[in-house]
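Here is the structure we will look at.
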Amino acid sequence: MDNINNGANWMDASVNLYELKTQLADLGFVRSDLVDRLRESILSNSSQFSIQHRERFEGLALDCWFDLHRKEPNGPIELHHYDTAIYQKGTMNISYRAFEADIPKDLACQVLAKQLAERLPEEMAIPWTLDKASASSYLAIDNPKQINFFNQLNHSNMNTQNLDFLKKSLLNLGFGEQVNAELEKSINKKVPEFTLAAKHEFNQQKVDYTLHFKGGENLDNYFFNKFDSTLKKGKENERSQTFYINKGHGVTAKEAFNLMEGRAVHKQLYNKEGEGYHAWLQLDNNNQTQNGNKEIKRFNENYGFDLNAVLKDKGIKELNTPEGTENLFRSLKKGNAQQVTVEHNGEDKKFFIAASPQFKTVDLYDHQMKKIKREELLKPEQKQTTGKKQGEQQKEHAPAKKQSRKAKVHV
């Protein structure tokens with residue numbers, strides 16, 4: 001028995017300390033420093049006080065405030081209830097709750113961990129102080145597999161590397177941070193698979209996305225496998241397509257929109273041996289897969305589409321500097337209809353162009369995105385020079401008319 005050297009009633013204080021120490025040990029609190037503070041409390045003349053206690057785990061930290069009081073002056077100290085808070089290390093995540101005096105530490109930690117995993121708002125924590133029945137009832141809600149939330153959070157700390165990788169992948173794929181909170185909640189629930197909804201708007205056109213995630217073995221890691229994309233162009237005109245993700249790489253949200261608009265996108269792909277290659281992708285409006293997805297046409301480097309050769313000597317001012325060239329080519333490779341400036345009769349004229357790899361050319365649009373003839377992209381000087389040569393050839397050699405047409409430069 002602990003040695004108590006002071007107090008009005010040495011025997012009563014000793015018994016009180018033993019009973020409290022045993023009660024807390026039965027609840028799972030056995031640290032010696034907690035016993036020392038209990039001793040100090042029993043020897044004091046206070047009628048009500050709180051003892052703070054902290055325990056650290058691998059990925060979590062638990063704070064407890066034990067509410068103790070005497071029912072009568074000089075009477076024994078009793079544990080009324082205890083308040084708790086659990087923290088996830090390396091984050092700002094924290095969860096609070098109060099428990100009756102007979103709730104074991106393990107049960108309290110499970111409740112706190114589930115609240116933390118589900119991001120349960122404090123105003124939804126009803127009742128605030130839980131007894132055994134209400135604590136067990138809360139843990140059973142939406143938890144048919146009786147997941148041990150505390151162990152998952154503590155030992156894997158939500159597998160932060162996997163979570164960070166998924167967040168980075170979503171950012172790189174153009175989904176930003178709009179689903180991060182729901183992603184974290186869903187991973188914490190440890191379900192085999194789940195979907196998240198995202199939205200974007202491009203050129204005043206709305207696109208809805210459904211992102212598909214699937215858990216690995218033992219649900220220790222999750223994978224972002226694909227997303228469904230739906231472009232809304234009126235109530236009766238929607239275009240949908242599923243795009244697959246490979247290790248965080250694939251078509252981005254904006255590129256998916258461009259593909260559904262009918263434009264081509266330039267991507268790095270991988271063959272079965274894992275070797276990388278580049279190819280232009282374009283949806284095939286005439287052929288579909290068994291699941292209703294449009295087939296994807298691929299035009300690799302051997303196909304012969306050279307964007308630089310197509311745009312060379314067309315008077316595009318953006319190509320006058322290395323930076324302008326890089327920006328223009330990058331935008332076109334992402335599938336954008338990019339605006340360019342061409343000098344026309346001494347004035348700058350604006351067009352929009354988009355890559356058309358299947359026909360080894362570019363498509364040309366006016367400021368209203370109406371398709372126009374590609375010949376409009378030729379320099380005026382080129383047209384005049386070409387016309388002059390045609391006239392000379394016709395005078396000297398009548399059959400040369402067909403040859404002069406071949407000599408024209410087309411995009």
Side-chain angles (χ1 to χ4, degrees), residues 165-186 193-214 222-269 279-298 327-328 330-339 352-358 362-363 365-371:
F165 174 78
L166 291 174
K167 288 181 178 179
K168 184 178 179 180
S169 298
L170 290 169
L171 188 65
N172 292 337
L173 291 169
F175 294 103
E177 300 177 352
Q178 60 177 301
V179 300
N180 283 1
E182 291 301 319
L183 172 66
E184 199 165 332
K185 283 183 181 180
S186 299
E193 53 188 284
F194 59 90
T195 61
L196 299 176
K199 295 179 181 292
H200 268 309
E201 185 172 323
F202 304 108
N203 303 335
Q204 298 181 334
Q205 298 185 74
K206 294 181 179 180
V207 188
D208 289 339
Y209 303 93
T210 301
L211 317 183
H212 294 257
F213 297 84
K214 191 171 184 178
Y222 280 83
F223 304 91
F224 178 27
N225 292 327
K226 63 181 181 179
F227 65 89
D228 305 321
S229 183
T230 301
L231 172 60
K232 296 185 176 181
K233 301 178 74 70
K235 294 183 179 180
E236 299 180 359
N237 187 10
E238 290 187 349
R239 304 174 188 175
S240 297
Q241 182 76 12
T242 298
F243 298 94
Y244 292 88
I245 306 300
N246 182 21
K247 298 179 181 178
H249 300 284
V251 170
T252 68
K254 177 65 181 299
E255 290 170 346
F257 164 77
N258 287 334
L259 285 165
M260 289 190 295
E261 282 278 85
R263 295 186 288 273
V265 169
H266 189 260
K267 299 293 292 184
Q268 181 171 3
L269 306 176
W280 286 90
L281 309 180
Q282 196 162 17
L283 298 185
D284 188 343
N285 293 324
N286 299 320
N287 294 288
Q288 291 186 339
T289 62
Q290 291 181 349
N291 61 6
N293 233 22
K294 290 182 180 180
E295 293 279 4
I296 297 179
K297 296 182 286 187
R298 292 172 172 82
N327 291 338
L328 176 58
R330 184 190 302 115
S331 181
L332 292 174
K333 287 180 178 181
K334 289 181 178 295
N336 296 324
Q338 184 61 39
Q339 189 178 69
F352 285 90
I353 60 173
S356 180
Q358 181 174 1
V362 294
D363 293 325
Y365 306 88
D366 63 15
H367 68 284
Q368 295 181 329
M369 290 304 296
K370 293 181 179 179
K371 207 167 185 178

Counting C-beta onward and ignoring hydrogens, is there a side-chain heavy-atom pair between [X] and [Y] closer than 4.5 Å?
| X | Y | answer |
| --- | --- | --- |
| Leu283 | Ile296 | yes |
| Phe175 | Leu196 | no |
| Leu173 | Phe227 | no |
| Leu281 | Leu269 | yes |

Apply side chain to side chain contact (heavy atoms under 4.5 Å, CB included) to Phe257 and Asn203, showing your working. CA-CA 10 Å; Phe257 164 77; Asn203 303 335; 3.8 Å; yes
With a cut-off of 3.5 Å and sequence neighbours excluded, list every side-chain donor-acceptor pair involving residues 248-255.
{"from": "Thr252", "atom 1": "OG1", "to": "Glu255", "atom 2": "N", "distance (Å)": "3.1"}
{"from": "Thr252", "atom 1": "OG1", "to": "Glu255", "atom 2": "OE1", "distance (Å)": "3.4"}
{"from": "Lys254", "atom 1": "NZ", "to": "Asn336", "atom 2": "OD1", "distance (Å)": "3.1"}
{"from": "Glu255", "atom 1": "OE1", "to": "Thr252", "atom 2": "N", "distance (Å)": "3.0"}
{"from": "Glu255", "atom 1": "OE1", "to": "Lys267", "atom 2": "NZ", "distance (Å)": "3.0"}

Quick one: list whatever passes side chain to side chain contact (heavy atoms under 4.5 Å, CB included) with Glu193, sequence neighbours left out. Lys214
Between [atom1] on residue [X] and [atom2] on residue [Y], distance to nearest 0.5 Å:
| X | Y | atom1 | atom2 | value |
| --- | --- | --- | --- | --- |
| Lys294 | Asn286 | NZ | CG | 9.0 Å |
| Lys333 | Leu328 | NZ | CG | 10.5 Å |
| Ile245 | Lys226 | CD1 | NZ | 11.5 Å |

For the CD atom on Glu177, are there more than 12 heavy atoms of other groups (residues, nucleotides or ligands in this structure) within a distance under 6.0 Å? no
Would you say that more than 12 heavy atoms from the other residues, nucleotides or ligands in this model lie under 6.0 Å from the NZ of Lys334, or not? no
Distance-only, no hydrogens or angles: does the [X] side chain make a donor-acceptor pair with backbone N or O of [Y] under 3.5 Å?
| X | Y | value |
| --- | --- | --- |
| Asn258 | Arg263 | no |
| Gln282 | Gly262 | yes |
| Ser169 | Phe165 | yes |
| Asn291 | Asn293 | yes |
| Arg239 | Met260 | yes |
| His266 | Ala355 | no |

Not counting sequence neighbours, which residues clear side-chain hydrogen bond (donor to acceptor under 3.5 Å, both in side chains) with His212? List them please. Asp228
